[in-house]
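Encoded as structure tokens, the structure appears first; notes follow it.
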Amino acid sequence: MNEKKMLDKFKELPEEEHATTKTKLQVGIIGTGWIAGAYAESAKSIDDMEICALADLIPGKAEQFKEKYNFESAVCYSSHKDMIDNHPHLDAVFVCTYNRTHAECTIYALEHGIHVLCEKPMCVTLEEAVAMRKAEKASGKILSIGFQPRMDPNMKKIKEIVESGVLGKVYYIQTGGGRRRGIPTPFGTSFIADETAGIGAMGDIGCYSLDMVLNAIGYPKPLTITGYTSDFFGKRPDYYPKHPEYAEAFSVEDFAAGFIRLEGDIILDFRISWAMNLDTPGDTIILGTKGGLRIPSTECWNGSVGGAMTLYSEMAGSQVQTEFPIIPPPKDGVFCEKIRAFLDAVILNGKSPIPTEQIIINQAIIDGIVRSAKLGKEISVEIPEV
């Protein structure tokens with residue numbers, strides 16, 4: 001091997017090793033809507049997992065899903081309880097239901113000794129998140145939450161930068177994201193109706209934004225929150241030319257903002273939007289006493305980095321800027337890596353890759369913004385110990 005080829009080897013990213021099992025893990029999918037399709041597609045590239053059961057409340061929907069994705073041996077059920085009570089053996093389930101039923105389905109599975117990967121958001125309220133944590137601890141099983149941006153090497157790099165100490169003490173964070181026009185209604189009203197979604201833009205994309213920065217700084221707890229929510233676009237019939245009736249069904253927020261005081265004397269300035277008269281509410285900024293990090297936003301934010309990140313600092317008496325080039329995604333994509341990390345934890349009896357002890361804090365902030373907005377004043381936040 002010549003010198004150039006040897007040096008080029010150092011440019012290659014090492015492939016991650018994953019746990020393996022001699023028998024395939026038996027996995028069920030609860031809820032066979034569009035997000036379940038992403039799980040189904042990922043399942044095709046995972047050899048040690050078999051989708052053996054499907055459950056959906058809508059008659060015939062699970063059967064259609066089974067046929068679409070060629071899960072020939074999967075048994076279809078009419079509900080999560082029907083599946084869990086009657087399927088002969090389940091190692092784990094993917095909870096892909098409406099936000100409002102995440103807690104119910106997850107808790108029932110854990111109580112029956114089944115590992116759970118629950119799609120984001122964790123749930124709707126802090127009270128539900130506490131109940132999920134209690135069920136998880138009582139069961140001794142793994143509960144992971146579906147935050148696939150964690151698997152993005154660029155997101156990992158943000159955490160590495162903060163933990164390196166190059167920013168010094170972090171004291172202020174601005175984060176969020178948005179879409180100029182992006183209320184998710186291609187599949188009907190499940191995302192925009194309170195009875196199914198419970199929360200809007202915050203549950204869909206805001207939780208990703210919060211996780212990006214909170215994970216980087218070690219997930220300190222919120223102390224106080226001043227929150228604001230609005231629904232100016234979602235309530236407009238002209239927003240939906242083909243389905244003006246959606247405006248009447250819209251009962252969550254399409255915009256939210258929060259000013260959060262965190263432990264460690266850190267301020268978090270957060271905003272998220274499904275629709276607004278702007279291309280982006282701004283880049284994510286992490287300010288520290290030694291340096292500052294700018295993370296570019298995107299036009300249609302969905303938990304990704306919009307471009308090369310820039311570190312602003314001082315060196316030898318000069319103000320300098322250091323650019324971090326975009327790192328390519330994992331070979332099979334971050335969604336598949338999210339599932340793979342969960343399965344590895346199950347096989348090895350390891351720890352949850354996206355632990356609820358962190359995401360309960362994420363949920364507490366969302367819950368706090370909702371409560372503060374309703375009251376029209378700042379509130380204190382207390383997260384019960386579980």
Side-chain angles (χ1 to χ4, degrees), residues 18-98 101-120 122 132 135-136 138-146 148 151 332-354 356:
H18 296 296
T20 57
T21 178
K22 292 181 180 179
T23 59
K24 291 189 176 185
L25 291 173
Q26 299 298 292
V27 180
I29 299 178
I30 301 173
T32 55
W34 75 272
I35 193 62
Y39 282 87
E41 289 290 348
S42 295
K44 295 176 182 178
S45 62
I46 299 176
D47 294 333
D48 51 1
M49 173 186 76
E50 180 182 359
I51 302 299
C52 64
L54 302 167
D56 203 289
L57 295 173
I58 300 174
K61 192 173 179 182
E63 286 78 5
Q64 291 175 359
F65 189 88
K66 172 182 176 176
E67 183 177 352
K68 179 179 180 179
Y69 291 102
N70 298 315
F71 293 136
E72 295 179 2
S73 61
V75 181
C76 297
Y77 296 92
S78 61
S79 70
H80 69 285
K81 290 184 178 180
D82 186 21
M83 172 198 285
I84 292 167
D85 291 347
N86 295 301
H87 200 80
H89 180 72
L90 279 174
D91 294 302
V93 293
F94 301 148
V95 174
C96 303
T97 60
Y98 305 137
T101 55
H102 281 187
E104 175 188 356
C105 297
T106 295
I107 291 170
Y108 197 80
L110 291 169
E111 288 176 343
H112 286 75
I114 298 170
H115 302 284
V116 180
L117 172 52
C118 178
E119 189 45 43
K120 60 80 191 167
M122 183 176 181
M132 291 169 74
E136 174 193 14
S139 71
K141 297 299 178 179
I142 292 169
L143 170 56
S144 187
I145 311 300
Q148 66 269 8
M151 307 301 156
D332 293 325
V334 293
F335 204 97
C336 189
E337 283 296 307
K338 169 182 70 175
I339 298 173
R340 184 68 261 174
F342 168 71
L343 296 177
D344 286 351
V346 170
I347 294 167
L348 298 172
N349 195 27
K351 294 182 178 180
S352 172
I354 315 291
T356 56

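For clarity, every value in this text was computed on a predicted model and none was experimentally measured.
Residue Thr23 holds its OG1 atom at 9.0 Å from CG of Asp48, rounded to the nearest 0.5 Å. Rounding to the nearest 0.5 angstrom, the gap separating the CD1 atom in Ile114 from the CG atom in Leu90 is 4.5 Å. Interatomic distance, OG1 of Thr32 versus OH of Tyr69, reported as 10.0 Å (0.5 Å rounding). Taking CD1 from Ile354 and NZ from Lys120, the interatomic distance works out to 13.5 Å, rounded to the nearest 0.5 Å. To the nearest 0.5 Å, atom CD of residue Glu72 and atom CD of residue Glu67 are 10.5 Å apart. Remark: Glu104 CD to Met132 CE distance equals 11.5 Å, nearest 0.5 Å.
Taking all atoms of both residues into account, the shortest heavy-atom contact from Gly33 to Asp56 is N-OD2, 4.3 Å.
With Lys66 contributing its side chain and Val75 its backbone, the two residues share no donor-acceptor pair below 3.5 Å.
Of the candidates Leu110, Val116, Asp91, Lys141 forms a side-chain contact (heavy atoms from CB on, under 4.5 Å) with just one, namely Leu110.
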Problem set entry | Derivation of the side-chain hydrogen bond (donor to acceptor under 3.5 Å, both in side chains) call for Ser73 and Glu50 | CA-CA 9 Å; Ser73 61; Glu50 180 182 359; 2.8 Å; yes
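A perpendicular orientation is assigned to the rings of His115 and Phe342, their planes being inclined by more than 60° (bins at 30° and 60°). By the 30° and 60° cut-offs, the orientation of the rings of Phe94 relative to Tyr39 is tilted.
Side-chain polar atoms of His87 and Tyr77 form a donor-acceptor pair below 3.5 angstrom.
Cation-pi check for Lys338 over Phe335 is met; the charged atom lies under 6.0 angstrom from the ring centroid and within 45 degrees of its normal.
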